[in-house]
Amino acid sequence: MATVFWGGRMIKRRGLTQEAVVRRAVEMANAARNPDEVTLTGLAASLDIQPPSLYNHIAGLEGLRREMRLYALTRLSRALRQAAAGETGRKALVYLTFAYRQFALDNPGIYPLILPAMPTEDAAAAQASEEILTTIVLILGSLGMAGEDAWHAVRGLRSLLHGFVSLEMAGGFEMPLEVDKSFQRAVNAYIDGVVGTLK
């Protein structure tokens, strides 16, 4: 029985699981900084199996992308909840934004998969996406925002975060200034502006 060395651990090919397949695909996507660089042929080779064997765990390339997207959404949701746990208001929102940014920087290959709106027929992905939105809306509620105001604020926050991390990952911040400080200022300006609209 062939063995595969992955993450410093030896795993048996016979014991391969869907989780192991998806994790390996995520590693490959992050290394390439592009989910489209992950092919079934390349994934199978990295796991020391034949491509048809992947179909025991995933529904082809489309199914693999779906599982990678779900992986990204669930991990991001967990990271945001953990970052804001026990906090409310401004501090909770700031902690959440830094967690979002760190997730994107740590996962450049799967981060793009969370950007499109989730298809309603994909119940698991839609639920994970909803959990992310709920976390943000609850924090905005602690800042006094609700209803339509909160949803507009979510769009604005998402635009700010995605724009910043996209430029950062693309090497767009080359000036000799601390990037963390720029990010903090951008987030603070956003919070001040959004909360100010309620006065």
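Numbers for residues simply follow the sequence, beginning at 1.
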(request) Please assess Ile58 against Leu40 for the test side chain to side chain contact (heavy atoms under 4.5 Å, CB included), listing each intermediate value before the final yes or no. (result) CA-CA 10 Å; Ile58 56 171; Leu40 295 184; 3.8 Å; yes

(message) For a side chain to side chain contact (heavy atoms under 4.5 Å, CB included) check, start with the C-alpha distance between Glu67 and Leu70, then their side-chain angles and the critical distance, and finish with the verdict.
(response) CA-CA 5 Å; Glu67 294 299 332; Leu70 180 58; 4.3 Å; yes

(message) Tell me whether Arg185 forms a cation-pi arrangement with Phe183, defined as NZ or CZ under 6.0 Å from the six-membered ring centre and within 45 degrees of its axis.
(response)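 Verdict for Phe183: no cation-pi partner in Arg185.
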
Once you round to the nearest 0.5 Å, how far does [atom1] of [X] lie from [atom2] of [Y]?
| X | Y | atom1 | atom2 | answer |
| --- | --- | --- | --- | --- |
| Thr41 | Leu61 | OG1 | CG | 9.5 Å |
| Ile132 | Arg78 | CD1 | CZ | 12.0 Å |
| Leu73 | Glu130 | CG | CD | 12.0 Å |
| Met169 | Leu105 | CE | CG | 6.5 Å |
| Thr39 | Leu43 | OG1 | CG | 7.5 Å |
| Thr135 | Gln82 | OG1 | CD | 11.0 Å |

Answer yes or no: is there a side-chain heavy-atom contact under 4.5 Å between [X] and [Y]?
| X | Y | answer |
| --- | --- | --- |
| Val22 | Val26 | yes |
| Ile114 | Arg69 | no |
| Gln184 | Val94 | yes |
| Leu47 | Leu54 | yes |

(request) Apply side chain to side chain contact (heavy atoms under 4.5 Å, CB included) to the pair Arg155 and Leu160, showing each step before the final yes or no. (result) CA-CA 9 Å; Arg155 283 183 174 175; Leu160 167 65; over 6 Å; no

Closest approach of [X] and [Y], non-hydrogen atoms and distance?
| X | Y | value |
| --- | --- | --- |
| Tyr190 | Val154 | OH-N, 4.3 Å |
| Thr74 | Ala128 | CG2-CB, 4.1 Å |
| Ala150 | Leu140 | O-CD1, 3.6 Å |
| Leu113 | Met68 | CD1-CB, 3.7 Å |
| Arg66 | Asp122 | NH2-OD1, 2.9 Å |
| Pro116 | Pro112 | CD-O, 3.6 Å |

(request) Treating Ile, Leu, Val, Met, Phe, Trp and Tyr as nodes and any side-chain heavy-atom pair under 4.5 angstrom as an edge, say whether Leu138 and Trp151 lie in one connected cluster. (result)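 No; Trp151 is not reachable from Leu138 via cluster members.
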
(request) Determine, using the 4.5 Å side-chain heavy-atom cutoff (strictly less than), whether Ile110 and Leu115 are members of one ILVMFWY cluster. (result)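 The answer is yes; both residues are in one hydrophobic cluster.
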
(message) Please check this pair: side chain of Asn30 against backbone of Gly109, looking for a donor-acceptor N/O pair closer than 3.5 Å.
(response)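 Yes; judged by distance alone, with no hydrogens or angles, the pair exists.
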
(message) Between Ser166 and Gly163 (side chain of the first, backbone of the second, donor and acceptor by atom type, cut-off under 3.5 Å), is there such a pair?
(response)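 No; zero donor-acceptor contacts below 3.5 Å.
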
(request) Classify the side-chain pair Ser77/Arg81 by whether it contains a donor and acceptor separated by less than 3.5 Å. (result)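 The answer is yes; a qualifying pair exists.
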
(request) For side chain to side chain contact (heavy atoms under 4.5 Å, CB included), just list the numbers for Glu19 and Tyr71, CA-CA rounded to whole Å, side-chain angles, deciding distance to a tenth of an Å, and then say yes or no. (result) CA-CA 9 Å; Glu19 181 182 4; Tyr71 179 98; over 6 Å; no

(message) Determine whether the aromatic ring centres of residues Tyr111 and Phe103 are separated by less than 6.0 angstrom.
(response)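 No - the distance between ring centres of Phe103 and Tyr111 does not fall below the 6.0 Å cut-off.
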
(request) Identify the residue among Leu93, Thr134, Leu80 that makes a side-chain contact (heavy atoms from CB on, under 4.5 Å) with Ile139. (result)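 The single option meeting the side-chain contact (heavy atoms from CB on, under 4.5 Å) with Ile139 is Leu93.
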
(request) Check the angle between the aromatic planes of Phe164 and Phe173 and answer parallel, tilted or perpendicular using the 30° and 60° thresholds. (result)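 Phe164 and Phe173: tilted rings.
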
(request) Using the salt bridge (Lys or Arg N to Asp or Glu O under 4.0 Å) rule, collect all pairs that involve residues 90-106, keeping only residues at least two apart or in two chains. (result)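 Applying salt bridge (Lys or Arg N to Asp or Glu O under 4.0 Å) to every pair that reaches into residues 90-106, excluding sequence neighbours, yields Arg90-Asp192, Arg101-Glu168, Arg101-Asp180.
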
(message) Check Glu62 with Arg65, please: is the shortest side-chain N to carboxylate O separation under 4.0 Å?
(response)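 Answer for the salt bridge query: no.
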
